[in-house]
2 protein chains.
Amino acid sequence: MYLKAMAELSNHEAVATARLAEHLNVTPVSANEMVRRLSDQGLMIHTPYKGVTLTEKGRTIASNVIRRQRLWECFLYDYLKIEWARLYEMACSLEHATAPEVTEALAVFLGHPTVCPRGNPIPEADGSFTPLNGTTLNAITVGETVTVQAINATATDVLQYLYERRVLPGCTLTVIEAAPLQGPLTLKINEKEIVLGLSLAKFVITKPNPTE
Amino acid sequence: MYLKAMAELSNHEAVATARLAEHLNVTPVSANEMVRRLSDQGLMIHTPYKGVTLTEKGRTIASNVIRRQRLWECFLYDYLKIEWARLYEMACSLEHATAPEVTEALAVFLGHPTVCPRGNPIPEADGSFTPLNGTTLNAITVGETVTVQAINATATDVLQYLYERRVLPGCTLTVIEAAPLQGPLTLKINEKEIVLGLSLAKFVITKPNPTE
DNA sequence: TGAAATAATAAGGTTTGCCTTATAATTATC
DNA sequence: GATAATTATAAGGCAAACCTTATTATTTCA
Ligand SMILES: [Mn+2]
Ligand SMILES: [Mn+2]
Ligand SMILES: [Mn+2]
Ligand SMILES: [Mn+2]
């Protein structure tokens, strides 16, 4: 879980232990303890006051965890019709209980999908994968129209909130207004206007609208 | 796990804590401790020196665990082509991580199967199920020909051993000889003769051969 | 540059599910 | 009916992954 959290949080730069604690719903002290244990195992490197980075070994394991996680998300969504917002949490439980044989057989069964239902890439069996190159929605200029590439959130309530507003991978939206003082964005999706706080907008990865 | 073990071991009579310990690969003392905890929770009843029984509540939970377990076995076998002997262990891990929504969606996806690949019945969502009515192979008279209804084993090595000798649900076999002093059985399966120890034969549930 | 905020450590605790070793109670067997 | 085997309980421990409450170190910023 820590390794996965690391991979989920980091875009190659170091992750603050406080962010890890937050993401994993654990106290900062607990996160620190765990970081120490994983560092001792050679899976991450902790530079005090700077943050945590994965080692090669750690990154490989993390990739495999994410692979399992996202393959399950695909299965749960495409075959079991589990509701979109709960895919992450359910796949997250299954992931821990998945043997390598099952992971690979699942990949074959699913036809080697390359993205999960949240739009995030699925690492290859060898751990390699192309990270998303999109821009987070909070960084989009007012007036621009973009397509949602992925939702980077994992918390069910966040996913549920975005789902209800139809902010989903593949949808096209226009940034109508950005309130001052880091205020919320007003977006147009499917001819409807919605308001989205900046912290939520950070979870939305966008790419330039292909029709433009 | 204890509840499932109970359900797997008991044919309605009490189960000795020593059997539980054995089945779960745990010391008798640990099994006793756990039995106490589960009794405190009202899931089982322990009559010292007599054995353990499930309460209604315990039986319902156990049925659900078994349902999840066997549905996963079906999925792993039919769709992921996992090897027969490892189905139990892999489904056993997944089972712990399976939410009720996933269980039911899986049942729908699989078309509500009634038996698992080992031939054991899959309980309904309400916990009800018809236990097997067959005779264990060790109790079959020499000369009789029977059909294997189910394999009641859970340990991978036992399942592997039976698989290699093609003692599988649906197969037909004849008891050629029973060695004296609780010695092994000689069986004829697919025109081949094999020898099977009595303790292994206990795992094989048979029914009268339909062609006779 | 000196507080205030943030991050790290230290110390001690809890829970769960195991373990060993020892003793006591019951049941089975000769 | 005595002895042996089985079963149960008592007592003390361990490891993992959490927790709280302090204390200390570093960084940030007014
Ligand atoms: Mn997980
Ligand atoms: Mn299990
Ligand atoms: Mn400590
Ligand atoms: Mn104790």
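Below, chain A is the first sequence line, B the second, and so on; all start at residue 1.
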Identify every side-chain donor-acceptor pair in residues 102-114 of chain B under 3.5 Å, counting partners at least two apart or on other chains, and give the distances.
from: B:T103; atom 1: OG1; to: B:A99; atom 2: O; distance (Å): 3.2
from: B:E104; atom 1: OE1; to: B:R67; atom 2: NH2; distance (Å): 2.6
from: B:E104; atom 1: OE2; to: B:R67; atom 2: NE; distance (Å): 3.1
from: B:E104; atom 1: OE2; to: B:R67; atom 2: NH2; distance (Å): 3.4

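- Between B:R37 and C:dG17, a side-chain N or O to OP1/OP2 separation shorter than 4.0 Å is present.
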Open item on the list: I'd like to know whether B:V52 forms a side-chain contact (heavy atoms from CB on, under 4.5 Å) with B:M6, so could you lay out the CA-CA distance, the side-chain angles of the two residues, the decisive distance to 0.1 Å, and finally the verdict.
Closed with: CA-CA 8 Å; B:V52 188; B:M6 279 296 303; 4.0 Å; yes
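- Residues forming a side-chain contact (heavy atoms from CB on, under 4.5 Å) with B:T141 (at least two apart in sequence, or on another chain): B:E144.
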Could you pull out all donor-acceptor pairs under 3.5 Å where a side-chain atom in residues 121-130 of chain B meets a protein atom, sequence neighbours excluded?
from: B:D126; atom 1: OD1; to: B:S128; atom 2: N; distance (Å): 2.8
from: B:D126; atom 1: OD1; to: B:S128; atom 2: OG; distance (Å): 2.7

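- Computed from coordinates, the B:E22 CD to D:dT6 P distance equals 12 Å when rounded to whole Å.
- Within the nucleic acid shown, A:R19 has no heavy atom closer than 4.0 Å to any nucleic acid atom.
- Summarising the geometry, the separation between CG on A:L24 and P on D:dA16 is reported as 19 Å, rounded to the nearest angstrom.
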Would you tabulate the pairs of protein nitrogen or oxygen atoms and nucleotide nitrogen or oxygen atoms of nucleotides 19-29 of chain D closer than 3.5 angstrom?
from: D:dC19; atom 1: OP1; to: A:T27; atom 2: N; distance (Å): 3.4
from: D:dC19; atom 1: OP2; to: A:T27; atom 2: N; distance (Å): 3.1
from: D:dC19; atom 1: OP2; to: A:T27; atom 2: OG1; distance (Å): 2.9
from: D:dC19; atom 1: OP2; to: A:S30; atom 2: OG; distance (Å): 2.1
from: D:dC19; atom 1: N4; to: A:E33; atom 2: OE2; distance (Å): 2.9
from: D:dA25; atom 1: N3; to: A:Y49; atom 2: OH; distance (Å): 3.2

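- Side-chain nitrogen and oxygen atoms of B:R36 include none within less than 4.0 Å of the OP1 or OP2 phosphate oxygen of D:dA8.
- Distance, A:L3 CG to D:dA17 P: 12 Å, rounded to whole Å.
- Here the P atom of nucleotide D:dA17 and the CG atom of A:D40 are 13 Å apart, to the nearest Å.
- With sequence neighbours left out, B:R59 forms a side-chain hydrogen bond (donor to acceptor under 3.5 Å, both in side chains) with no residue at all.
- For C:dA7, neither phosphate oxygen OP1 nor OP2 lies less than 4.0 angstrom from any side-chain nitrogen or oxygen of A:N32.
- Applying the 4.0 Å criterion to OP1 and OP2 of C:dA8, one finds that A:H46 has a side-chain N or O inside that range.
- Between the CG atom of A:L20 and the P atom of C:dT6 there is a distance of 17 Å, rounded to whole Å.
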Side-chain donor-acceptor pairs of residues 27-50 of chain B under 3.5 Å, sequence neighbours excluded:
from: B:T27; atom 1: OG1; to: B:S30; atom 2: N; distance (Å): 3.3
from: B:T27; atom 1: OG1; to: B:S30; atom 2: OG; distance (Å): 2.9
from: B:N32; atom 1: OD1; to: B:T17; atom 2: OG1; distance (Å): 3.4
from: B:S39; atom 1: OG; to: B:V35; atom 2: O; distance (Å): 2.7
from: B:S39; atom 1: OG; to: B:M44; atom 2: O; distance (Å): 3.4

